[in-house]
Amino acid sequence: MAKPEILTELDVASTSSTSSTSSTTKSVMKKLPEVTLIFWIMKIAATTLGETAGDLFAQTLKLGYFLTTIALFLIFVVTLVVQLRSSRYNPFFYWTVILSTSMAGTTMSDFMNRDASGKYLSNGATKLGWGPQGLGLGYPAGAAILISILLAIFLAWKLSGMTFQIRDIVTFRGEALFWSAILVSNTLGTSMGDFLSDSSGLGYAGGALLVTGVLAVLVALMKVPVVPNVLLFWIAFVLTRPLGATAGDFLTKPVAKGGLDLGTAGSSAVLLAILFGLMAFAHVQERRTSAAPAQERREPVTRQAG
C-alpha cells in the first residue's frame, strides 16, 4: 500500500520537536512497526501460516477445533504478555503475536462456524478430537457475530477517548484495545476467507483474486482525501486475513478441491521459514534505524571537538 500517510502510519519519528518529552514519547510509541510494504508482506505471510498451522493442529493432528482453540488462545495470551511488557518495538515479539492471533483466529472461526457433519469431517470420520466438534453457526452467522464484536471494541475504543491513530498508541489500555481488535479481525478474516473458498463457488484462487481486487480498490481510495486513512488501514488489515486464509487453503487442500495438496506440515514449515527470515530482516532494519539518530547526535560534537 503506497500512500505515505498509511505506509508511515506507525512512524513515530518527529522532525519538528527536540524536547525531552518528545524523545520519551517516541521511545514509548516505537513498540509498533512502521506500516510499509514489508509490513503487508509479513502480515500476509503470518496469516497464511496461521491458516496452515491452525489446520495442522486441529485437522491433520486431529486435536479438534475445541482443544486447539484453547491451546492456541493460551499461546496468544503468553505472546501478548511478552509484547505488552516489552519497552520498545521488537519484530520477533510483535510478529509472534500476529502469528498467534492468526492461528487462534483460524480455529476459533472453525469452531464457531463448523460442525461434525461429513462436509467438514472427511474420510468417513465422525469425530475430530476431544470435546465439541463445533457450534455449527455457519459462515454468515459467524461473520455477523464477529463483526458485532469488532464494532463493540471500536466503540469502546472511541468512548475511551483514545485516538485510533496507531502511531499514537502509548498506553497499556490503548495497546490492549489494539490487540483485541487484531484478534477479532483475524478471526473474522478467517470466516470470510473460508466462506469465499468453500461456500461462494469462487474456489481458492477465485477468492484470493476477489480479495486482491478489493485491496486494489483500497489503494485507489488512498487518493481520496475524504476517506480516513485509519479506516482504510483497518479494512486492509481485515482483508489480508481472508487473502491469507484462501492462500493457505490453496496450498494445502487436495487437487480435486482446487488446491495444490502440499500438506499442512510442509506448507507450515516453508511459511515459518519465510516469516522468520522476514522477522530477522526487520530486526536488522530496526537496529539500523535506531542507531541512525544516535550517530546524528554525535556528529556535531565531533565536528566541534575537531
Side-chain angles (χ1 to χ4, degrees), residues 1 3 5-12 28-29 31-35 39-40 43-44 46-47 50 69 73 76-77 79-81 83-84 89 94-95 97-106 108-109 111-113 137 139-196 211 214-215 217-219 221-222 224-245:
M1 306 184 72
K3 187 176 181 180
E5 290 86 345
I6 287 187
L7 297 189
T8 59
E9 188 71 15
L10 305 182
D11 186 6
V12 299
V28 174
M29 286 188 197
K31 290 187 66 177
L32 301 175
E34 298 179 13
V35 185
F39 172 91
W40 294 109
K43 171 62 166 58
I44 295 172
T47 53
T69 295
F73 186 81
F76 158 69
V77 172
T79 59
L80 179 60
V81 169
Q83 165 67 22
L84 292 176
Y89 169 58
Y94 177 87
W95 287 106
V97 184
I98 292 292
L99 176 59
S100 67
T101 61
S102 298
M103 292 191 299
T106 295
M108 288 169 62
S109 171
F111 180 72
M112 290 178 60
N113 300 325
L137 299 177
Y139 298 126
I145 292 173
L146 291 168
I147 289 174
S148 299
I149 295 174
L150 187 59
L151 290 177
I153 292 174
F154 282 131
L155 177 61
W157 196 336
K158 181 175 179 61
L159 293 177
S160 71
M162 291 180 289
T163 178
F164 286 103
Q165 293 285 349
I166 309 303
R167 63 188 176 191
D168 294 332
I169 294 178
V170 295
T171 65
F172 177 90
R173 184 170 60 167
E175 197 174 357
L177 286 169
F178 171 77
W179 286 113
S180 298
I182 295 296
L183 177 62
V184 177
S185 66
N186 275 336
T187 308
L188 172 61
T190 301
S191 295
M192 295 171 60
D194 288 341
F195 172 77
L196 291 174
V211 175
V214 176
L215 289 173
V217 173
L218 293 181
V219 172
L221 288 176
M222 294 177 195
V224 181
V226 296
V227 180
N229 291 336
V230 173
L231 177 62
L232 292 176
F233 170 83
W234 280 107
I235 294 176
F237 201 96
V238 171
L239 287 179
T240 50
R241 182 62 185 98
L243 180 59

**Request:** Give the C-alpha distance, both sets of side-chain angles, the deciding distance and a yes or no for side chain to side chain contact (heavy atoms under 4.5 Å, CB included) between Leu177 and Lys158.
**Result:** CA-CA 10 Å; Leu177 286 169; Lys158 181 175 179 61; over 6 Å; no
**Message:** Using side chain to side chain contact (heavy atoms under 4.5 Å, CB included), reason through Leu232 and Val227 one step at a time and then give a plain yes or no.
**Reply:** CA-CA 8 Å; Leu232 292 176; Val227 180; 3.6 Å; yes
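For Ser191 (side chain) and Ala143 (main-chain N/O), no donor-acceptor pair under 3.5 Å exists by modelled atom type. Side-chain atoms of Ser109 never come within 3.5 Å of backbone atoms of Gly105 as a donor-acceptor pair (strictly under, hydrogens ignored).
Looking at Leu146 and Met112, their side chains come closer than 4.5 Å, going by heavy atoms from C-beta outward. Leu215 places a side-chain heavy atom less than 4.5 Å from the side chain of Leu218. Ser100 places a side-chain heavy atom less than 4.5 Å from the side chain of Val97.
The CZ atom of Phe76 lies 12.0 Å from the CG atom of Leu99; values are rounded to the nearest 0.5 Å. The CG atom of Asp194 sits 4.5 Å away from atom OH of Tyr139, with the distance rounded to the nearest 0.5 Å. For the atom pair Leu243 CG and Thr47 OG1, the distance stands at 7.0 Å (nearest 0.5 Å). A distance of 11.5 Å separates CG of Leu150 from CG of Leu155, quoted to the nearest 0.5 Å. In this structure, the separation between OG1 on Thr190 and CE on Met103 is 12.0 Å, given to the nearest 0.5 Å.
A tilted orientation is assigned to the rings of Trp95 and Phe39, their planes being inclined by 30° to 60°.
Phe237 pairs by the ring-ring contact (aromatic ring centres under 6.0 Å, His included) definition with Phe233, Trp234, not counting sequence neighbours.
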For residues 178-188, which side-chain donor-acceptor pairs fall under 3.5 Å, sequence neighbours excluded?
from: Trp179; atom 1: NE1; to: Glu175; atom 2: OE2; distance (Å): 3.4
from: Ser180; atom 1: OG; to: Ala176; atom 2: O; distance (Å): 2.8
from: Ser185; atom 1: OG; to: Ala181; atom 2: O; distance (Å): 3.0
from: Ser185; atom 1: OG; to: Ile182; atom 2: O; distance (Å): 2.9
from: Asn186; atom 1: ND2; to: Thr101; atom 2: OG1; distance (Å): 2.7
from: Thr187; atom 1: OG1; to: Leu183; atom 2: O; distance (Å): 2.9

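Heavy atoms from other residues, nucleotides or ligands lying under 6.0 Å from CZ of Phe154 number more than 12.
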